[in-house]
Peer 1: 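Can you read through this structure? Questions will come right after.
Labels below follow one simple rule: chain letters A, B, ... track the order of the sequence lines, proteins then strands, and each chain is numbered from 1. Predicted model only: the values in this text are computed from it and were never measured.
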Number of protein chains: 2
Amino acid sequence: MNNKRSSKTEKVIGHQFTAFYKIPIEKFFQFALSVDCIILGYHENRLKLLLIERGAEPHLGKMALPGDLAYPNEDINLAASRVLLDLTGLTDVAMIQTNTYGQVDRHPIGRVVTVGYYSLINVDQYSPLASSWAGNVLWADIDDLPDLAFDHKSIVGDALRILRERVRSQPIGFELLPKKFTLGDMQSLYEALLNTKFDKANFRKRMLSMGLLKDTKEIQTEVAHRPARLFTFDKVAYENLIQKGFTFEL
Amino acid sequence: MNNKRSSKTEKVIGHQFTAFYKIPIEKFFQFALSVDCIILGYHENRLKLLLIERGAEPHLGKMALPGDLAYPNEDINLAASRVLLDLTGLTDVAMIQTNTYGQVDRHPIGRVVTVGYYSLINVDQYSPLASSWAGNVLWADIDDLPDLAFDHKSIVGDALRILRERVRSQPIGFELLPKKFTLGDMQSLYEALLNTKFDKANFRKRMLSMGLLKDTKEIQTEVAHRPARLFTFDKVAYENLIQKGFTFEL
DNA sequence: ACAAAAGTGTTATCGCTACACCCATGT
DNA sequence: ACATGGGTGTAGCGATAACACTTTTGT
């Protein structure tokens with residue numbers, strides 16, 4: 001399907017009010033849509049945001065969120081996945097909508113409405129050379145971001161607020177961890193995500209009691225302390241618990 | 001500002017990847033944007049959704065969410081407020097974004113991406129004759145909705161999920177109540193919103209202990225039982241508590 | 001007198017916080 | 001031996017769920 005729109009100006013086009021203003025339908029089809037991706041990773045106990053350096057005006061040379069215009073025949077959710085794929089080589093990573101930004105003057109090139117998406121990626125799987133953009137990407141520390149182009153700073157701020165809310169009520173933190181992880185890894189992650197400290201004993205009891213972790217029976221090696229057990233996230237168990245009205249908390 | 005866009009096809013237009021595909025910029029400016037409003041009210045212990053009857057194809061005669069196309073020079077958030085104003089006469093009611101729907105085939109007229117908004121209104125203030133749409137509006141019971149046009153059913157579903165989450169962590173329920181209300185009103189509202197039952201004694205203790213309710217010293221009249229005290233939501237106290245790290249729960 | 005909803009007090013339990021302590025490994 | 005982080009047990013506090021009870025109005 002592609003813009004099989006009527007050219008009759010008076011026709012009510014699927015919305016109630018517009019018809020009365022007698023504005024040609026064509027005038028309404030002048031928007032461009034873009035996606036901007038907040039790609040978060042976790043490395044060395046720090047939460048990181050993937051940025052690219054702009055290679056064009058406006059804001060040439062500034063860092064910006066990876067994003068792109070959506071094609072007229074492209075689902076916007078898929079556009080977001082496409083950007084992630086081009087940039088990181090990753091597929092099968094959920095892109096979650098945050099907000100949509102529709103201020104009139106936000107983009108100098110014209111009326112570009114942008115939809116924000118975040119995703120949590122496991123830095124191990126990240127292959128930074130997947131596209132032609134390898135040269136100018138940066139994992140920036142979330143607490144030490146450079147100046148960003150456009151309204152990207154506020155888009156990031158919104159995404160973080162939303163993410164932090166969501167991380168408390170859904171077990172999405174696991175996306176950031178390697179397949180096998182220790183409870184210590186997990187605690188550090190949550191402390192970085194939520195910017196707090198947890199009591200070790202209580203944190204483990206909470207997590208283990210949920211029944212979402214599967215013990216791999218393996219342990220760490222070559223660490224300068226007692227080796228920790230390695231766990232995986234038990235997705236099947238999670239789905240089952242959800243059925244029974246279970247809700248992840250904190 | 002209005003579509004001062006370049007016509008050079010190779011120019012990088014503010015996004016990174018697009019430039020390489022050598023597609024004329026104009027091709028990207030073919031979207032229309034609409035807003036769809038989930039306007040919720042509370043009446044006779046039931047949660048209600050405001051619907052309009054479509055007066056045009058497609059889906060002529062079906063019920064639908066009130067919505068409209070955004071103008072090329074109109075902020076989308078303001079477009080949502082405009083729809084609410086036209087339909088209900090209400091201003092100063094927050095419209096909160098839910099999701100953005102960008103499937104390619106969702107609208108037969110062309111590529112229309114729609115942004116969902118919900119708002120909670122106090123039915124007392126609602127003046128249904130504010131616009132020319134008086135004839136064909138309907139307050140539908142949220143648990144007994146008719147068939148809806150387009151993908152509006154799923155938009156409503158998403159909005160309700162989001163709302164129910166949010167209602168637990170923010171004192172937005174008050175928007176649905178009259179200025180002065182009893183604790184019983186409030187409890188009934190939350191029970192309708194969340195589809196649960198609360199213990200009366202515990203509910204009141206919880207609410208009163210938060211310090212968000214101001215006792216008006218007035219009481220109900222002409223009720224066939226012991227008259228209840230009337231409260232108002234103390235917005236000032238709420239703002240103060242927020243500063244101190246307070247968070248509303250349940 | 002009775003129905004109906006407002007409004008209050010008490011108890012018993014559960015969950016969690018805080019903290020102390022032991023364990024296994026590398027240097 | 002010691003530093004480092006893994007891993008566990010428990011006492012006490014606080015919140016709250018459950019339930020019984022009293023109060024005030026209209027009919």
Peer 1: Taking 4.0 Å as the cut-off, does a side-chain nitrogen or oxygen of B:Arg204 come that near to OP1 or OP2 on C:dG7?
Peer 2: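 Looking at the OP1 and OP2 atoms of C:dG7, one of them is under 4.0 Å from a side-chain N or O of B:Arg204.
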
Peer 1: If you find the nucleotide of DNA chain C closest to A:Asp199 and the one closest to A:Pro227, which residue's nucleotide is nearer the 5' end?
Peer 2: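 Nearest-nucleotide comparison on DNA chain C picks A:Asp199.
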
Peer 1: For C:dA5, does the base pair up with any side-chain atom of B:Lys200 as donor and acceptor (N or O, under 3.5 Å, distance only)?
Peer 2: no

Peer 1: Can you list the steps and then say if A:Phe174 with A:Phe181 is a ring-ring contact (aromatic ring centres under 6.0 Å, His included)?
Peer 2: CA-CA 9 Å; A:Phe174 299 98; A:Phe181 52 85; 5.7 Å; yes

Peer 1: Any base atoms under 4.0 Å from B:Ala201, or only sugar-phosphate, or nothing? Heavy atoms, all strands.
Peer 2: base

Peer 1: Is the closest side-chain donor-acceptor distance between B:Glu239 and B:Gln243 under 3.5 Å?
Peer 2: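 No, B:Gln243 and B:Glu239 have no side-chain donor paired with an acceptor closer than 3.5 Å.
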
Peer 1: Among all residues two or more places apart in sequence or in another chain, which pass the side-chain hydrogen bond (donor to acceptor under 3.5 Å, both in side chains) test with B:Gln220?
Peer 2: none

Peer 1: In whole angstrom, what separates B:His225's NE2 from C:dC2's C1'?
Peer 2: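 So the two atoms are 15 Å apart, to the nearest Å.
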
Peer 1: Side chain of B:Ala224: nearest nucleotide among D:dC19, D:dG26, C:dA4?
Peer 2: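 Out of D:dC19, D:dG26, C:dA4, the nucleotide with an atom closest to B:Ala224's side chain is D:dG26.
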
Peer 1: B:Asn202 side chain: which of D:dA17, C:dA5, D:dC19 is closest?
Peer 2: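 Selected nucleotide: D:dA17.
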
Peer 1: Compare all side-chain heavy atoms of B:Phe150 with those of B:Leu148 and state whether any distance is below 4.5 angstrom.
Peer 2: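 Not in contact.
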
Peer 1: Look at the side chain of B:Lys205 and decide which nucleotide, out of D:dT24, D:dG7, D:dA17, has an atom nearest to it.
Peer 2: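 Selected nucleotide: D:dA17.
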
Peer 1: Round to the nearest Å and state the distance from A:Arg226 atom CZ to D:dG6 atom P.
Peer 2: 10 Å

Peer 1: Return the nearest nucleotide to the side chain of B:Thr182; candidates are D:dA18, D:dG5, C:dA6.
Peer 2: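 The closest nucleotide is C:dA6.
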
Peer 1: Pick out which of A:Asp158, A:Asp36, A:Asp151 makes a side chain to side chain donor-acceptor pair (under 3.5 Å) with A:Tyr101.
Peer 2: A:Asp158

Peer 1: Side chain of B:Arg229 only, heavy atoms from C-beta on: which candidate in D:dT10, D:dT4, C:dG7 is closest?
Peer 2: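 Closest nucleotide to the B:Arg229 side chain: C:dG7.
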
Peer 1: Specify the separation, in whole Å, of atom CZ of A:Arg206 and atom P of D:dG9.
Peer 2: 19 Å

Peer 1: Find the distance B:Leu230:CG to C:dG7:P and express it as a whole number of Å.
Peer 2: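 Distance, rounded to whole Å: 9 Å.
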
Peer 1: What is the distance, rounded to the nearest whole Å, between atom CG of A:Leu250 and atom P of C:dT17?
Peer 2: 8 Å

Peer 1: Rounded off to whole Å, could you give me the CZ-to-C1' distance for the B:Phe198 and D:dC19 pair?
Peer 2: 18 Å

Peer 1: Whole angstroms only, please: what is the CD-P distance between A:Gln187 and D:dG7?
Peer 2: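 Rounded to the whole Å, the gap is 12 Å.
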
Peer 1: Given atom NZ of A:Lys197 and atom P of C:dA18, what is their separation to the nearest angstrom?
Peer 2: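 Distance, rounded to whole Å: 15 Å.
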
